[in-house]
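Take a look at the structure set out below.
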Protein chains: 4
Amino acid sequence: MGIDEQKSAKRRGMIQAATALFAKKGHHRTTVDEITKEAGVAKGTFYLYFRDKEELLKLVMQELLEKHKLAYEVLGATPCPKERLRQYIAWELKFIAENADFARLNLNALGAVDKSLIEWYSMIQREHMEFLEGVIEEGCAKGYFKEMDSTRAARFLRGVVFMFQAGRILKPQAQGDMEGDVDFIYSTFLGGVQAD
Amino acid sequence: MGIDEQKSAKRRGMIQAATALFAKKGHHRTTVDEITKEAGVAKGTFYLYFRDKEELLKLVMQELLEKHKLAYEVLGATPCPKERLRQYIAWELKFIAENADFARLNLNALGAVDKSLIEWYSMIQREHMEFLEGVIEEGCAKGYFKEMDSTRAARFLRGVVFMFQAGRILKPQAQGDMEGDVDFIYSTFLGGVQAD
Amino acid sequence: MGIDEQKSAKRRGMIQAATALFAKKGHHRTTVDEITKEAGVAKGTFYLYFRDKEELLKLVMQELLEKHKLAYEVLGATPCPKERLRQYIAWELKFIAENADFARLNLNALGAVDKSLIEWYSMIQREHMEFLEGVIEEGCAKGYFKEMDSTRAARFLRGVVFMFQAGRILKPQAQGDMEGDVDFIYSTFLGGVQAD
Amino acid sequence: MGIDEQKSAKRRGMIQAATALFAKKGHHRTTVDEITKEAGVAKGTFYLYFRDKEELLKLVMQELLEKHKLAYEVLGATPCPKERLRQYIAWELKFIAENADFARLNLNALGAVDKSLIEWYSMIQREHMEFLEGVIEEGCAKGYFKEMDSTRAARFLRGVVFMFQAGRILKPQAQGDMEGDVDFIYSTFLGGVQAD
DNA sequence: AATGAATGAGCGTTCATTCAT
DNA sequence: CATGAATGAACGCTCATTCAT
């Protein structure tokens, strides 16, 4: 293991410890001491890699954001807007199941008071909205969907998906049949928006 | 003014101060000092009426919950399930606009890590879900809606309404035409669930 | 003992403890913990009475400044400028002997890097200079002293007195015959400035 | 470049960096990190050349002391004590203007609480005093000056010069006419001490 | 010799909670 | 009941010093 990787290892260790702890306890309740102990380094080491706790929070959010963004590139490749919609729903539910940290932080951020968390939530939300508005407008243009306010429609669907995600985050044990959820959301939304 | 009312007055004052402060700054960032100062009583008085800050938080939530519950009694009186659905949507958007404290706390609670906030969110959520499941099942029984999983449908609609509420909470200045929102949600949802 | 005096007592205790400690160790090396322990109160108590350590430092300096100022009122009452000069010298040596804390802080402040200490030193210094310039100008006007730059003369005498003070502060044990010092300073300075 | 010179070069670099930094920020506020960064070496290198920060401080002072001493050898060569006095005054004001680092450290040391700084100040002070006492005693012996306590007279003049130096250090921008200062100090002091 | 990552004691400050009055 | 002064544990952060490479 080279020096770079070692250095990276401590950094990574702290970022991962923080990601988990922030998700579990919120970043307020998480102390620098806990993060470093969890990562197996001394307290002072924290400040070798991060200016302060705030910076680490931003890095954690940044990282989760990147992860989330990658998904959209895949989705964007699907030509049919209806199909893209379905994939969006499926992907979102799956992503949340596999990235509990992101999911929890996303919920935290929605109700946050801290500026950085609020901004972060806004960025994620905007990303969703832009994607969905794009799909819907294309669907309208192609005659699949009836004419409507694409912002409202995007928010509508985002809300549905969000709530199904929240259900899975808050009560992971009670959740089964993800495919069924996807079908239900997709077909019900389609029923509401499709051209007559 | 009797002793009881005096006592009650201080209690009330602190609960109200806390409600506003919790909504504005989150309950973490709100100090006992601020609450008592805002309520015009001494710091020590706090502990005559509440065991600790946690208990006050619970009381604040309890109170907001009661307020919210009252609404459902009115809605329950409407016989037609489709009409009840429409009223639910309209009421929820209106309620949030008029009860910013409740609204913010609701967002906080969704992402909370504190046990009491989580429980509170669950209670509110259950209330919504029970109401909506009831309406939907009745609508199915009466042949208005197609056969479907009423829990999923309830969650679906809850999500939509929630996201429109969140939009109004997070960007109050950017929100207009509530009636238009209600129409959109109602008709789109109906399009998705109505019997063929 | 009333509430006011009690409150005052803790405050006073901390100010006095701080005055002594700042003089002994410098305010950098003095910790809040030491101050409160010396004053016999808990650490948190400090912040009931002072916003932060900086504020306490300012208060300590303020207080010492007031004490020092009082002296000048007495000196101002003496009509003859030559006599006033002599009294200034005598007073300054005596004051330093009786107010070791002030003296040490004064020395600290001369070489300080901290803004508040520097400002404080400037204020004290300006006070000396204004007093001395006044005396000298009056002495010139009355024909006691030859015509000269009063600022230079004031600085000249201030330097002499300062150095005799510093000697007494830094090596208190080696100092005797204060009256002899006063005579020497007075007569030598007079010899240098008196009219031919 | 041999190993010795390399070693010496790093040492020198750190001593010089420290001299400047101590003067600018005080040695408390100066971190080892800053010193090594300024000197362009690694942090750990510091401890190869100095036991700790304290030792470096001593070395810095030592070096400044040597520099200062050199001046006195030149002054010593002047045979006439009155002339030597004048040269002392002129030299001191000039030295301070050209050695801001020494000057600031000198002020720091006067009010210091650290043992090593105090000792350093004492050494410098003793050097001044010995020089001045020598001059004065010679002047007395030669009949230029009246009989007097040479220690007192030395302290007297040292004080005057010190205060004019301090003025130049603390408010460099406000200082003009050094020659005028020298003349004033010299003639006024002479007026005070010369034989009748 | 030289590095710089790692350490951890120690600092100033906050705030929920207690308790003498 | 009511007060608010007092407490002290806990936090985020700094920096002189060590040590494996």
Side-chain angles (χ1 to χ4, degrees), chain A residues 1-4 6-7 9-11 28-37 39-56, chain B residues 3-4 6-7 10 28-37 40-56, chain C residues 1-4 6-11 28-36 39-56, chain D residues 3-4 6-7 10-11 27-37 40-56:
Chain A
M1 196 194 289
I3 285 177
D4 269 21
Q6 260 189 43
K7 179 177 159 176
K10 304 237 158 157
R11 219 183 118 91
H28 254 116
R29 299 259 207 231
T30 304
T31 70
V32 172
D33 222 35
E34 283 173 320
I35 295 167
T36 52
K37 256 173 193 140
V41 299
K43 207 173 174 179
T45 305
F46 184 94
Y47 295 92
L48 290 178
Y49 294 98
F50 314 106
R51 187 181 5 224
D52 51 26
K53 220 175 83 171
E54 172 96 7
E55 190 185 275
L56 175 56
Chain B
I3 284 178
D4 268 20
Q6 260 186 39
K7 176 176 160 176
K10 305 215 166 175
H28 258 119
R29 302 259 207 229
T30 304
T31 67
V32 172
D33 218 38
E34 286 172 318
I35 294 167
T36 51
K37 261 189 186 120
V41 298
K43 207 171 172 183
T45 305
F46 185 93
Y47 292 89
L48 291 177
Y49 293 99
F50 314 106
R51 183 169 9 181
D52 51 25
K53 223 174 81 173
E54 172 98 5
E55 190 185 277
L56 174 58
Chain C
M1 194 195 288
I3 284 178
D4 268 20
Q6 262 190 41
K7 179 177 158 174
S8 235
K10 304 237 158 156
R11 219 184 117 92
H28 255 116
R29 299 257 207 234
T30 304
T31 69
V32 172
D33 222 34
E34 283 172 322
I35 295 167
T36 52
V41 299
K43 207 173 175 181
T45 305
F46 185 94
Y47 295 91
L48 290 178
Y49 294 99
F50 315 106
R51 185 179 8 217
D52 50 27
K53 221 175 83 172
E54 171 96 8
E55 189 185 276
L56 175 57
Chain D
I3 284 179
D4 269 20
Q6 261 186 38
K7 178 175 158 175
K10 305 215 166 174
R11 231 181 106 91
H27 79 284
H28 258 119
R29 302 261 207 226
T30 304
T31 67
V32 172
D33 217 38
E34 286 172 319
I35 295 167
T36 52
K37 260 188 187 122
V41 298
K43 207 170 172 182
T45 306
F46 185 94
Y47 292 90
L48 291 176
Y49 293 99
F50 314 106
R51 181 167 9 167
D52 50 26
K53 222 173 81 173
E54 171 97 7
E55 192 186 276
L56 174 58

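Every chain is numbered from 1, with letters handed out A, B, ... down the list of sequences.
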What contact category does Thr30(D) fall into here, base, sugar-phosphate, or nothing, at under 4.0 angstrom with non-hydrogen atoms?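 The answer is sugar-phosphate, as Thr30(D) gets under 4.0 Å only of primed atoms, P, OP1 or OP2.
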What is the separation between atom [atom1] on [X] and atom [atom2] on [N], rounded to the nearest whole Å?
{"X": "Glu55(C)", "N": "dG12(E)", "atom1": "CD", "atom2": "P", "answer": "15 Å"}
{"X": "His28(A)", "N": "dC15(E)", "atom1": "NE2", "atom2": "C1'", "answer": "13 Å"}
{"X": "Phe50(B)", "N": "dT18(E)", "atom1": "CZ", "atom2": "C1'", "answer": "18 Å"}
{"X": "Ile35(B)", "N": "dG4(F)", "atom1": "CD1", "atom2": "P", "answer": "17 Å"}
{"X": "Glu34(A)", "N": "dC11(F)", "atom1": "CD", "atom2": "P", "answer": "7 Å"}
{"X": "Asp33(B)", "N": "dT7(F)", "atom1": "CG", "atom2": "P", "answer": "17 Å"}
{"X": "Glu54(C)", "N": "dT13(E)", "atom1": "CD", "atom2": "C1'", "answer": "14 Å"}
{"X": "Arg51(C)", "N": "dT14(E)", "atom1": "CZ", "atom2": "P", "answer": "10 Å"}

Hey, does the side chain of [X] come within less than 4.0 Å of [N]'s phosphate (OP1/OP2), counting only N and O?
{"X": "Lys10(A)", "N": "dA6(E)", "answer": "yes"}
{"X": "Tyr47(A)", "N": "dC13(F)", "answer": "yes"}
{"X": "Tyr49(D)", "N": "dA2(E)", "answer": "yes"}
{"X": "Lys43(B)", "N": "dG4(F)", "answer": "no"}
{"X": "Thr45(D)", "N": "dA2(E)", "answer": "no"}

Grab the two heavy atoms, one from [X] and one from [Y], that are nearest each other, plus how far apart they are.
{"X": "Lys10(B)", "Y": "Thr45(B)", "result": "CD-CG2, 4.3 Å"}
{"X": "His28(D)", "Y": "Lys53(D)", "result": "O-NZ, 3.9 Å"}
{"X": "Tyr47(B)", "Y": "Asp52(B)", "result": "CE2-CA, 4.1 Å"}

Paired with [N] by Watson-Crick or G-U wobble geometry, both distances under 3.5 Å: which nucleotide is it?
{"N": "dA1(E)", "answer": "none"}
{"N": "dT7(E)", "answer": "dA16(F)"}
{"N": "dT21(E)", "answer": "dA2(F)"}

Closest approach to the side chain of [X], judged atom by atom: which nucleotide of [options] is it?
{"X": "Leu48(B)", "options": "dG12(E), dT7(E), dC1(F)", "result": "dC1(F)"}
{"X": "Asp52(C)", "options": "dC13(F), dT13(E), dT17(F)", "result": "dT13(E)"}
{"X": "Ala42(B)", "options": "dG4(F), dG12(F), dA6(F)", "result": "dG4(F)"}

Assign each of Gly40(A) and Gly44(B) the nucleotide of DNA chain E bearing its closest heavy atom; nearer the 5' end lies the nucleotide of Gly40(A)
Which residue lies more 5' along DNA chain F, comparing Phe46(C) with Thr31(A) via nearest heavy atoms: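 Final value for this comparison: Phe46(C).
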Given DNA chain F, 5'-ward residue of the pair Val41(C) and Lys53(A), judged by closest heavy atom: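 Result of the comparison: Val41(C).
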To the nearest 0.5 Å, tell me how far [X] [atom1] sits from [Y] [atom2].
{"X": "Leu56(D)", "Y": "Arg11(D)", "atom1": "CG", "atom2": "CZ", "value": "9.0 Å"}
{"X": "Phe46(B)", "Y": "Glu55(B)", "atom1": "CZ", "atom2": "CD", "value": "8.5 Å"}
{"X": "Glu34(D)", "Y": "Thr36(D)", "atom1": "CD", "atom2": "OG1", "value": "9.0 Å"}

